[in-house]
Amino acid sequence: MSLSLHGIGVSGGYAIGRAQLYSHHRLEAPHYELSPEYVAAEIARFDAAVVTVRQELIDLQTHIPEGAPPEMAAFLDVHILILSDSMLAEAPKQRMRREGCNAEWALAQQTEALVAQFEAIEDDYLRERQQDVRQVAEKVLKELMGHPGHAPMKAAAEGESILVAHDLSPSDMVLFKRHNYAGFITDLGGATSHTAILARSLNLPSAMALHNARALIQEGDWLIVDGVAGVVIIDPDNTVLDEYRLRRNQWRLEQKKLRRLKTSPSTTLDGVEIELMANIDLPSDVAQALEENVAGIGLFRSEFLFLNRDTLPSEEEQFEGYRHVAQEMKGRPVVIRTLDVGADKSVPWLEAQSDNPALGLRAIRLCLAEPHIFLTQLRAILRASAYGKVRILLPMLASLTELDQALTLIGAAKGVLRAQDIPFDEGIQVGGMIEVPAAALACEWFAKRLDFLSLGTNDLIQYTLAIDRTDDAVAHLYDPLHPAVLGLIDHTMKVGRKLGKSVSVCGEMAGDPRLTRLLLGMGLASFSMHPAHILSVKQQVLHTHLGETAPHARRLLRAGRPERILEVLERINR
Ligand code: PEP
Ligand code: MG
């Protein structure tokens, strides 16, 4: 019997495929069945991952830095021992043979079984060793997921599978970029959680906040994901399947047609050029941005260089990443946002998070609390500025004191490079993200000290409406068209115009084609979004006459009531 689940659509389009469930293991592991002829290759992949991780641990052991705590060597010894134990190195292989499952799944299941055994031990010290087992298993899992197998999955007659998870973290999503799913669905999450942003960036139909999809859906169930309405249909009947196949084909056709806009300039009907820039997460994403012919990188979320690892990236490693992007963009602007971890982007080296992580030590607050991390990053960014038009963007500014401190540290980083004769752009522009209502209301003060502003509407909405962007229970209240949100955006843009400072939008609103004309009508001339959305936004730009849209946009700002706002928006988009 077919069943529909309703959540929120986070990435448009339609997907039809078989469910692929993710385990509840901390690093959620994919699960698929293998045809018998692929089991041996899968076991070899598992062995290779174990060998790599063991070698990494041995290398670490031989390069323990001077002054490191004496426990470090003992800790590495324990991890090497765990990795050599047959319970971890052999038992998953037996499971693969027995169940015909993939290596990640076999390891995750075996780890859970081991951890359960530790849990039953009375001795506190021994019981806590379960953490070491988990950490070692996670290292092997990460290695496996970084080198996916080539064995075709047994499922999916249409060759498409849909990932079904209770929750996914942004770092999981980065790893899943390498897999080929037709769509994603999760029980938790909000429309602008970083997980949703990444799902959208993959341009895959997805729905979140489905509450109990993971419990109701069985491995291999047929699913339809309607990413527009946020609906998932389990085991649809043939009539519904036919209807959605039609919709999916139309959607794919529209996507194909959009490709024709790739080389056209981004200019409104009344001849105003609009800057369409890309948001990227990793240096390698620059290729996709170039593919879409973007005007620059409007937001490089540098924190992704810090995820999925146990240690901080060195200055050199960061420099190489930033330089790569700067060089590839060949003189087009590259806005590198300084580290924004905390809240839903957690890293192992961060102290335990507070009860309210979105209001805690996040982004610039964390960087100012840990100046050595910030200074390392600033030096890396400054060094990269000798290779292109690099700009610095400070996230989550709320008070002018933070801005003063950040500017002082930028000055200090410059001083260090100057003293060492290392080249950098002396006139590098520094901008601030306006994503906290306090900064939006006081943006005049910030703008006077900065070269440019960038509206982070995802957080601006979260903090203005007091809605946790990752919480599915309040996801339906997340409203970019709320008069308070639009008022803050409008105020920031007016101040920017008055002071001659450029203002762009780099939150998800910039990549939503339903809002493009409204933002254009409000006076926005610079948008930054994931490259996957550039063409649908460009299509809107090409059909907009600013002179005609601006009065409607002003009317919308005064509309007040939600139904009236939607009415005017419809008028703008007609
Ligand atoms: C935002 O808050 O709008 C933004 C662009 O930053 P992030 O989504 O990474 O918090
Ligand atoms: Mg933000």
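Both counts, for ligands and for their atoms, begin at 1 and track the order of listing.
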Asker: Taking only heavy atoms of D459, which atoms of ligand 1 are found under 4.0 Å from at least one of them?
Answerer: 1 (C), 2 (O), 3 (O), 10 (O)
Asker: Any idea which protein heavy atom is nearest atom 6 (O) of ligand 1, and the distance to it?
Answerer: R337 NH1, 2.9 Å
Asker: What do you reckon, are the aromatic ring centroids of Y322 and Y387 less than 6.0 Å apart?
Answerer: no
Asker: Is R383 close enough and on-axis enough to F319, meaning under 6.0 Å and within 45°, for cation-pi?
Answerer: yes
Asker: For atom 7 (P) of ligand 1, what's the nearest protein heavy atom and its distance?
Answerer: H194 NE2, 3.2 Å
Asker: Using a 4.0 Å cutoff against the non-hydrogen atoms of I197, which atoms of ligand 1 qualify?
Answerer: 8 (O)
Asker: Measure the spacing between CG of L569 and CZ of R564 and express it to the nearest 0.5 Å.
Answerer: 11.5 Å
Asker: What verdict does the side-chain hydrogen bond (donor to acceptor under 3.5 Å, both in side chains) test give for D285 and Q288, after you've listed the backbone C-alpha separation in whole Å, the side-chain angles of each residue and the deciding distance to 0.1 Å?
Answerer: CA-CA 6 Å; D285 294 340; Q288 198 189 351; over 6 Å; no
Asker: Which atoms from ligand 1 have a heavy atom of G456 less than 4.0 Å away?
Answerer: 1 (C), 2 (O), 3 (O)
Asker: Show which atoms of ligand 1 fall inside a sub-4.0 Å distance from at least one heavy-atom site of C506.
Answerer: 5 (C)
Asker: Side chains of Q429 and F452: does their closest heavy-atom pair fall under 4.5 Å?
Answerer: yes
Asker: Which atoms of ligand 1 are found less than 4.0 Å from any heavy atom of R362?
Answerer: 10 (O)
Asker: Can you tell me if an N/O/S atom from E435 lies under 2.8 Å from the Mg ion (ligand 2)?
Answerer: yes
Asker: Could you give the distance from CE (M529) to CG (D512), rounded to the nearest 0.5 Å?
Answerer: 10.5 Å
Asker: Which atoms of ligand 1 are found less than 4.0 Å from any heavy atom of L299?
Answerer: 5 (C)
Asker: Show which atoms of ligand 1 fall inside a sub-4.0 Å distance from at least one heavy-atom site of R301.
Answerer: 4 (C), 5 (C), 6 (O), 7 (P), 8 (O), 9 (O)
Asker: CG/L261 to CD/E292 distance, rounded to the nearest 0.5 angstrom?
Answerer: 10.5 Å
Asker: So, of the N/O/S atoms that D459 has, which is the nearest one to the Mg ion (ligand 2)?
Answerer: OD2
Asker: Any N/O of T457 closer than 3.5 Å to an N/O of ligand 1?
Answerer: yes
Asker: Please check whether R469 reaches ligand 1 - meaning an N/O of the residue sits under 3.5 Å from an N/O of the ligand, judged on distance alone.
Answerer: yes
Asker: Take atom CD of E570 as the centre, draw a 6.0 Å sphere, and report whether it contains more than 12 heavy atoms from other residues, nucleotides or ligands.
Answerer: no
Asker: Examine the proximity of ligand 1 to N279 and report which part, side chain or backbone, both or neither, has a heavy atom under 4.0 Å away.
Answerer: neither
